[in-house]
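Have a look at the structure below, then the notes.
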Amino acid sequence: MNFRQSIIEGLVPLTQFPATKIADLLEIPPQSQLGDYAFPCFLLAKTLRKAPPVIASELASQLGQSLDFIDRIEAVNGYLNFFIKRQLLVSQSIQEALRQGDHLGSSTLGAGQTVLLDFSSPNIAKPFHVGHAFTTILGNSLSKIYRHIGYQTVRINHLGDYGTQFGKLIVAFRLWGDATALDIHPIQELLRIYVKFHDEAKENPDLEAEAREQFRLLESGLPDQVALWQKFRDLSLKEFDIVYKRLGVEFDSYAGESFYSDKIPAIVEWLNEKHLIEDSEGAQVVRLDEQKLPPCIILKSDGSTIYASRDIAAVIYRQQTYNFAKNIYVVGTPQALHFKQVFGVLEKAGFEKAKDCLHVGFGLVKFADRKLSTRSGDVILLEDLLSESVDKTLEIIRSNAAIRHPDMPEADMLAIAEKIGIGSVIFTFLKNGRERDIVFSWEEMLDFEGDSAPYVMYTYARARSILRKADQEGIDYLHVDPAKLRLLGSDDEFALAKLLESFSQVIEKAASVNEPFMVVRLVCNLARTFNKYYHHESIMKTQAVDLRDARLALVAACSSGIKAALNLLGIDAVERM
Ligand code: ARG
């Protein structure tokens with residue numbers, strides 16, 4: 001039985017509200033003395049023409065008889081506070097958690113619907129810096145969250161692989177390029193010649209004209225230009241792939257900006273048919289005055305395409321190819337205007353799906369205490385950040401007696417440090433609401449006691465170690481008789497069961513506002529409450545065998561919950577630490 005769902009179904013006939021509205025309103029109160037679920041009656045005051053406290057007490061008495069899993073309903077200050085029978089909630093949520101395992105909180109909510117996630121999308125021939133790390137980690141987590149609740153997802157890497165800078169790179173490479181260096185460190189070499197191009201162009205403006213000409217030749221498909229561009233793209237992607245592998249991130253499509261170049265004429269024709277295109281100093285633009293936005297340039301005065309026109313073509317292509325329910329762009333907030341213009345043009349053209357396109361922005365990345373060795377001036381490369389995090393984790397593991405394993409082979413220790421080090425970086429990106437700036441601080445990131453990846457991962461490993469002992473003693477905690485589970489009812493046990501019960505609701509909410517931090521908060525609460533429990537109760541030493549088995553089942557359920565949540569963030573749990 002799903003308590004939440006049953007409460008919603010009980011409220012529908014009494015309130016005349018649709019189930020979805022009740023689902024939105026029904027909350028999990030911050031303090032347990034306010035019940036396990038609470039329903040505010042304020043919105044009903046208008047339709048029922050009564051004061052909220054009166055409505056609450058009437059509803060309480062009407063509902064009381066019908067929901068047999070309820071211990072009591074209290075009407076307090078216009079709220080209905082539901083208290084579920086403790087042992088019932090505990091035994092049921094543990095059984096459910098054991099049944100779902102690593103899929104805890106999964107559902108079929110989004111079945112038959114496709115969500116597109118445009119994320120990561122670095123620029124070819126440019127370093128993969130920490131801003132791209134943010135979109136990569138956020139987008140990856142969102143794709144997992146959507147999949148968890150039944151959506152089909154398509155992960156799209158809209159590579160920045162087009163534009164006049166490629167004309168510059170072609171010119172620069174022919175003049176100063178080093179083919180060997182390009183093979184070994186492609187991005188470093190491309191960056192070097194790109195910088196050199198700009199230095200030289202200050203003295204020699206002809207270079208700029210030559211670059212524009214080379215781009216034009218590239219866009220018209222000349223083999224030499226295309227071959228060089230292809231080489232830059234392939235080599236850059238190979239380098240990006242190293243970080244993607246390390247982070248465990250995969251894509252379904254690498255259709256980047258270049259992919260849409262030949263699809264722009266049809267877009268221009270379509271917009272022209274709708275009489276939306278105007279000439280503005282030689283450029284072709286769509287005015288967006290009525291949306292209080294600056295005009296969107298579709299073609300520059302020399303006829304070439306720009307970032308925005310390629311994005312417009314991409315939306316149309318994606319609709320035809322994937323028939324999306326949502327088309328999400330995980331891109332930094334500085335590009336908010338760009339997306340407003342792109343969606344604005346589509347809306348003006350009567351493209352109905354414009355309303356299902358969404359820009360999911362995020363803040364800046366800052367460093368509190370850092371002196372990170374950077375290989376390319378001011379930008380901080382993700383690769384360097386990951387390596388430093390892993391190195392520091394290794395140091396901590398080596399020096400911290402509590403987590404040190406003198407007998408652990410070096411290779412295992414390295415593998416664990418890699419997972420924790422990378423997990424810590426991911427966790428830091430996802431820990432707060434995405435629009436807030438992130439301040440990296442090693443102390444916080446690698447604090448084994450704080451709200452950090454190492455803390456949560458350590459808690460998981462601890463739970464797993466208890467279960468390994470139980471396995472050695474042949475205890476079958478996964479199939480405990482439900483009657484035994486009713487022996488659990490302490491405050492800690494109840495709190496843990498409630499957290500497990502809340503998984504589906506929290507995950508659905510995280511998806512609806514595109515905020516993985518909600519999953520982070522859930523897993524931190526679960527880890528904290530679990531550790532408290534673990535300190536209070538000596539689980540394996542519990543005298544009564546039935547109670548011991550029930551407690552082990554709870555430990556197993558919590559370990560599944562932690563693992564499920566970490567998976568949704570893109571963090572790989574480790575079995576021992
Ligand atoms: N390449 C762009 C950048 O690095 C991000 C692209 C985002 N996706 C899009 N469809 N515009 O800023």
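Each ligand, and each atom within it, is numbered from 1 in the order the structure gives. We number each residue from 1, following the sequence as shown.
- Residues Tyr322 and Gln152 have side chains not in contact (no heavy-atom distance under 4.5 Å, counting atoms from C-beta outward).
- At the shortest separation from atom 9 (C) of ligand 1 among protein heavy atoms lies His158 CD2, 3.4 Å.
- For ligand 1, the polar-atom distance check finds an N/O of Asp311 within less than 3.5 Å of one of the ligand's N/O atoms.
- The single protein non-hydrogen atom nearest to atom 8 (N) of ligand 1 is Asp118 OD1, 3.1 Å, given as residue, atom name and distance.
- Judged purely by distance below 3.5 Å, without hydrogens or angles, the side chains of Thr305 and Tyr162 never pair a donor atom with an acceptor atom.
- A salt bridge is absent between Arg216 and Glu219; no separation between the charged side-chain nitrogens and carboxylate oxygens falls under 4.0 Å.
- For Glu208, the side-chain hydrogen bond (donor to acceptor under 3.5 Å, both in side chains) test picks out no residue, with sequence neighbours left out.
- Residue-to-ligand polar distances place Asn123 within reach of ligand 1: an N/O pair is separated by less than 3.5 Å.
- When only non-hydrogen protein atoms are considered, atom 12 (O) of ligand 1 lies nearest to Gln335 NE2, 2.9 Å.
- Remark: Arg318 engages Asp118 in a salt bridge, criterion side-chain N to carboxylate O under 4.0 Å.
- Lys326 and Tyr151 are not linked by any side-chain donor-acceptor pair at a separation below 3.5 angstrom, with hydrogens and angles left out of the test.
- The nearest protein atom to atom 4 (O) of ligand 1, hydrogens excluded, is given as His132 NE2, 2.8 Å; this is a heavy-atom distance.
- By heavy-atom distance, the residue among Tyr307, Phe119, Tyr329, Phe339 lying nearest atom 5 (C) of ligand 1 is Tyr307.
- The option with the heavy atom closest to atom 2 (C) of ligand 1, from among Ser121, Gly160, Ser120, is Ser121.
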